[in-house]
Amino acid sequence: MQTNAQILFQSMIVLLGIGGPVSLLLRRNGPSVAVSGSVLSLISSLLGIVVSSIVIIEGPLDLGWEISTFFGEWSLSLDPLGAFFLLVICIVMACVSVYSIGYIREYEGVYDIGVLSGLSILFFLSLVLVVSSTNVILFLISWETMSMVSYLLVVFENRKNNVVSAGYLYLTMTHLGTAAMTVALLLMAHYAGSYSFEEMAGGLDGMPLATMSAVFVLLLIGLGTKAGMVPLHVWLPAAHPAAPSNISALMSGVMVKMALFMMVRSFFDLLVPTEHWWGLLVVLLGCISALLGVLYSLKERDIKSTLAYSTVENMGIMLIGLGTAMVFASYGLSELSAFALLATLFHALNHAIFKALLFMGAGSVARATHTRNMESMGGLAKRMPYTSALTFLGLLSMAAMPPFGGFVSEWLLFQSLIQSVSVPDVPIKMLMSVSIAVLAITGALAVSMAVRLFSSTFLARPRTEAAERAHESPRSMVLGMAFLATLCIAFGVLSLWAVNFIDNVTSSVLGVSIGSDIAEGLTLRSTDEGFASMAPSLIAVLLVTSAAIAWTAAYTITKGWKERISGTWDCGTPLGPRNEYTATGTADPIVRVFNTVYKPRSELRTEPSASPLIKKRLFYEIQFIDIFEKYLYRPVAKSFIAIAKRLSIIQAGSIQAYLSYIFVMLVALLLLFR
Amino acid sequence: MLGLSPLMIGIIRKVKAWFQSRKGPSVVQPYYDIIKLFSKETIVPDQASWVYRVAPYVGLASVVVAGLLVPFFTTRSLGFVGDLIVVIYLLALFRFFMVLAGLDTGSTFGGMGSSRELMISAIVEPTMLMAIFTMALITGTTTLSSISEALAVNGLELVRPALFLATAAFFISLLAENARIPFDNPATHLELTMVHEGMILEYSGKDLAFMEMASWMKLMLFSTILSNVFIPWGVATDLSLVAIAIGLTAILVKVLLISLVVALIESGMAKMRLFRIPNLLTMSFILALLAVTSYYIL
């Protein structure tokens, strides 16, 4: 089994390693390269699914090839944690590649689709390398490759101004993060005396606590940037929507999870979480991200930006779970820690699936209507029946509706948070209970967000002609989405199996297996015996049966299915698209309630006519100010520019001056490091 | 429970009629209403999609399943299938479909009702969760029937200030969630203040019957949770005949009392302005949060 898996893993790496550059070279034959590229990534991701399942069940696996370098041996190896994230990557990638076959036709003749296809394969390869690197330097190189390739993918539609500026923002932020991470990882490597993750894991005993905390904070900044953690999230809602939709699905579904992967690896494997405040800090940042993410998503009119903010929210939820696991671990409550970590990982899996599905749905809608603005859509449920139904399933999972996958992971998360009663310190218990409240509010607002997205896009009347003319997407796109939608249901109804599967991962990280405790028979339970239980499959069965009974009852009582189609009641004036609620209107009451967070600036202008009572025209404008942009990033950027201007004095432009700088620097360095 | 819920609505209406010195319709009138609706023609708006059509069935199904998980007269229920979080999220599923159906008709009334409902639920849902979490902390379980059993058996030992705070918070949620005064006026149609009625305005015939049944059932469900989870005394903890008889009487008396209180509040208060509602809701949320913290402190 293991050798077979090794061969599969090797062939996957080789396929991707050759496929990427080759399709970039052959990009002139656009369409055929695109199709063969999609087939290639589909094959590799299927290989990846097999390999990672084997690793999760049977244990670690080496690639078997090594390169000796100055920084130690470079090799690839999968442990259960890496394999779990590889599985996430491959599931999403498989569906995205099917979807792409139809989707990238859109760009034919407009942009170079050969490049898009080649870059996606490289992106896939870099993701695989990130989860399987055994060496710090190789990891950093793969991480940077992932960032750079994704940057190139973000700016793929490079003739649009906002795309380019989103790309720059992403580039800046991601490098800020990588810088912080590089310092932290090199510090750890320095203390451990090795660049290999395996040796670092046990070799950090000599590190002083203060340094360890500094490393922790640096890692949190570095990885938090990638994860879209507030306040480092600013790039995410700009960059994810700017990319082509199949790439947005990968970025939001998978790439942000790489940050979670590295957090689990470094906070649990490398730095053992001994300090209580580490976990609490992560919980706090998670709470802020979850709440602000969902609130901001309610104000967006761009369908993909809404989804991008929801990624910020969901990463916040995962951070809450991760932080809780760290708090429990710091008190030595390893079972509870495993429970919280399991919930987090399960939520990561579910989020990857529904978010990729939703971005694909958004891409499909945007393709049909040629806009991303939800205000100019509407009525698409009738025109795009498959896309609307599949998106609906994704939204149900996102809104944590039972018995979908998103619900089960949120339930587990709630349960693990309630278990914080076992923490001995009262203040910490109280803080944790606040995080329960935050999670509850986030959940309720996420429902509103899902409703708003679906209703303004798919329901009632079309608001523009483009929406009126929209028609269903090609079969390959629907197929890609259908598979993910099935998984949304499967991971809910069959979640017991999934929980046992993920338990292999958490037990490899924390050394405690809780699978047999929490999943028994048909019910999922809390770790504390008798505290709570739930049977997702039974809920599904009950729901379906009662709906069926109601339907049959209606059918028999009314003797057949009689209904009359008639116009909506209109108070005597014919209704048009202008009468229905817009996306802005739907969220308006919530925006008013949370006025302090949004700080909206709205303006109502009237165009007067002869009578003061009859207005000719009304203009309503609402603007939202991003508090982080205004109060954090603008001042920082301004001061940097000011400093740079001061420093520009030394750039005299004469070569002699530059040579003298080099000379002075050389002397200084020689004196310093004699 | 499903069978009794129209009776509760009937009683509330009757009591309100008394206060207004009217004779009022008979308490079984809601049953007649349902029967009448089934014999009427169903009219579907031309703008509506499949969401509008499936909403009544999904709605009723989710409320019924939630009802199965709540202890009614005995603590032996299907509690292992789902705990309080499941119940609250099942109700959210009902709301999800109802709100979408309201928006689906393309009428302004539907949209108005839906967007207001979203605002209210954004605060009520966490309040309910926190209120019941308090109970979970006090009794050490989140399964509704076990909470009920623990309180009923251990009685006064478990009574703490947190219990009262949580009960108060939950009662406010009950009024808000079921579209009662001061949050919404269940007796009006076509007023600019309506929330619940706005969403189901377009429904007719059997679809309306299902929607009404689901909403009535929801009120019943909330009253049952309030009576059996927060003040569970009298509930049957075993399956002997005497215990069941006491349990049944207890729940009927308690639900009757709750109906009276609801009717009293509705007769004595006016509906609030829409944007004053969040103040009251936030207050109830703070109450629930206080309940949790006071559990730790006291």
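So you know, we letter chains A, B, ... as the sequences are listed, proteins then strands, and number each from 1. Not measured: the values here are computed from a predicted model.
When every heavy atom of B:Pro278 is checked against every heavy atom of A:Val593, the shortest pair comes out as CG-CG2, 3.6 Å.
Of the atoms belonging to A:Val426, it is side-chain heavy atoms, and not backbone ones, that fall under 4.5 Å from chain B. Heavy atoms closer than 4.5 Å to chain A are found in the side chain of B:Val292, but not in its backbone. Only the side chain of A:Thr523 comes within contact range of chain B, judged by heavy atoms closer than 4.5 Å. Proximity to chain A (any heavy atom under 4.5 Å) is shown, for B:Phe94, by neither the backbone nor the side chain. Interface remark: B:Phe133 contributes side-chain atoms only to the contact with chain A (heavy atom separation under 4.5 Å). Heavy-atom distances place both the backbone and the side chain of B:Thr105 under 4.5 Å from chain A. Looking at B:Phe285, only its side chain comes within 4.5 Å of chain A, counting heavy atoms on both sides. Proximity to chain A (any heavy atom under 4.5 Å) is shown, for B:Ile43, by both the backbone and the side chain. Only the side chain of B:Leu289 has a heavy atom closer than 4.5 Å to any heavy atom of chain A. Using a 4.5 Å cut-off between heavy atoms, B:Phe210 contacts chain A through its side chain alone, with no backbone atom that close. No part of B:Ile88 comes within reach of chain A, as not one of its non-hydrogen atoms sits under 4.5 angstrom from that chain. In this structure, chain A has a heavy atom under 4.5 Å from the side chain of B:Leu137, while its backbone stays farther away. Contacts of B:Leu60 with chain A are made by side-chain atoms alone, with heavy-atom separations under 4.5 Å and no backbone atom involved. Proximity to chain B is limited to the side chain of A:Arg592, based on heavy atoms less than 4.5 angstrom apart. Both the backbone and the side chain of B:Ala92 come within less than 4.5 Å of a heavy atom in chain A. Contacts between A:Lys429 and chain B at a heavy-atom distance below 4.5 Å involve backbone atoms as well as side-chain atoms.
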Step by step, work out the side chain to side chain contact (heavy atoms under 4.5 Å, CB included) result for B:Asp83 and A:Gln415.
CA-CA 11 Å; B:Asp83 60 350; A:Gln415 289 300 341; 2.8 Å; yes

Tell me, with the steps shown, if A:Leu543 and B:Leu90 meet side chain to side chain contact (heavy atoms under 4.5 Å, CB included).
CA-CA 10 Å; A:Leu543 273 175; B:Leu90 278 171; 4.2 Å; yes

Assess whether side chain to side chain contact (heavy atoms under 4.5 Å, CB included) is satisfied between B:Asp104 and A:Ser455, documenting all intermediate values.
CA-CA 7 Å; B:Asp104 198 8; A:Ser455 66; over 6 Å; no

Full working for side chain to side chain contact (heavy atoms under 4.5 Å, CB included) between A:Tyr581 and B:Ser115:
CA-CA 9 Å; A:Tyr581 255 58; B:Ser115 85; 3.5 Å; yes

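Residue-environment remark: CZ (B:Phe38) exceeds the threshold of 12 foreign heavy atoms within 6.0 Å.
B:Thr293 OG1 to A:Leu431 CG: the interatomic distance, rounded to the nearest 0.5 Å, is 11.5 Å. Note: B:Met119 CE to A:Ser448 OG = 10.5 Å, rounded to the nearest 0.5 Å. In this structure, A:Leu412 CG and B:Ile85 CD1 are separated by 9.5 Å, a value rounded to the nearest 0.5 Å. Note that the CG atom of B:Leu100 and the CZ atom of A:Phe458 stand 11.5 Å from one another [nearest 0.5 Å]. Distance check, rounded to the nearest 0.5 Å: CG of A:Asp588 to CE of B:Met112 gives 12.0 Å. Between atom CG of residue A:Leu396 and atom CZ of residue B:Phe97 there is a gap of 5.5 Å, rounded to the nearest 0.5 Å.
Between B:Val65 and A:Ser546 the shortest side-chain heavy-atom distance falls below 4.5 Å. Counting only heavy atoms from C-beta outward, the side chains of B:Val51 and A:Phe454 approach each other to under 4.5 Å. With contacts defined as side-chain heavy-atom distances shorter than 4.5 Å, the pair B:Ser49/A:Leu459 qualifies. Residues A:Ser388 and B:Trp50 are in side-chain contact: their nearest non-hydrogen atoms beyond the backbone lie under 4.5 Å apart. No side-chain heavy atom of A:Leu439 sits less than 4.5 Å from a side-chain heavy atom of B:Leu129. Between B:Val64 and A:Leu542, the closest side-chain pair of non-hydrogen atoms is not below 4.5 Å.
The candidate with the highest count of non-hydrogen atom pairs below 4.5 Å against chain A, out of B:Leu281, B:Asn279, B:Val124, B:Thr108, is B:Thr108. With chain A as the partner, the residue from B:Glu117, B:Glu41, B:Gln47 showing the most heavy-atom pairs under 4.5 Å is B:Gln47. The most heavy-atom pairs under 4.5 Å with chain A, out of B:Val54, B:Leu103, B:Val58, come from B:Leu103.
Ring geometry, A:Phe392 versus B:Phe96: the interplanar angle falls from 30° to 60°, so the pair is classed tilted.
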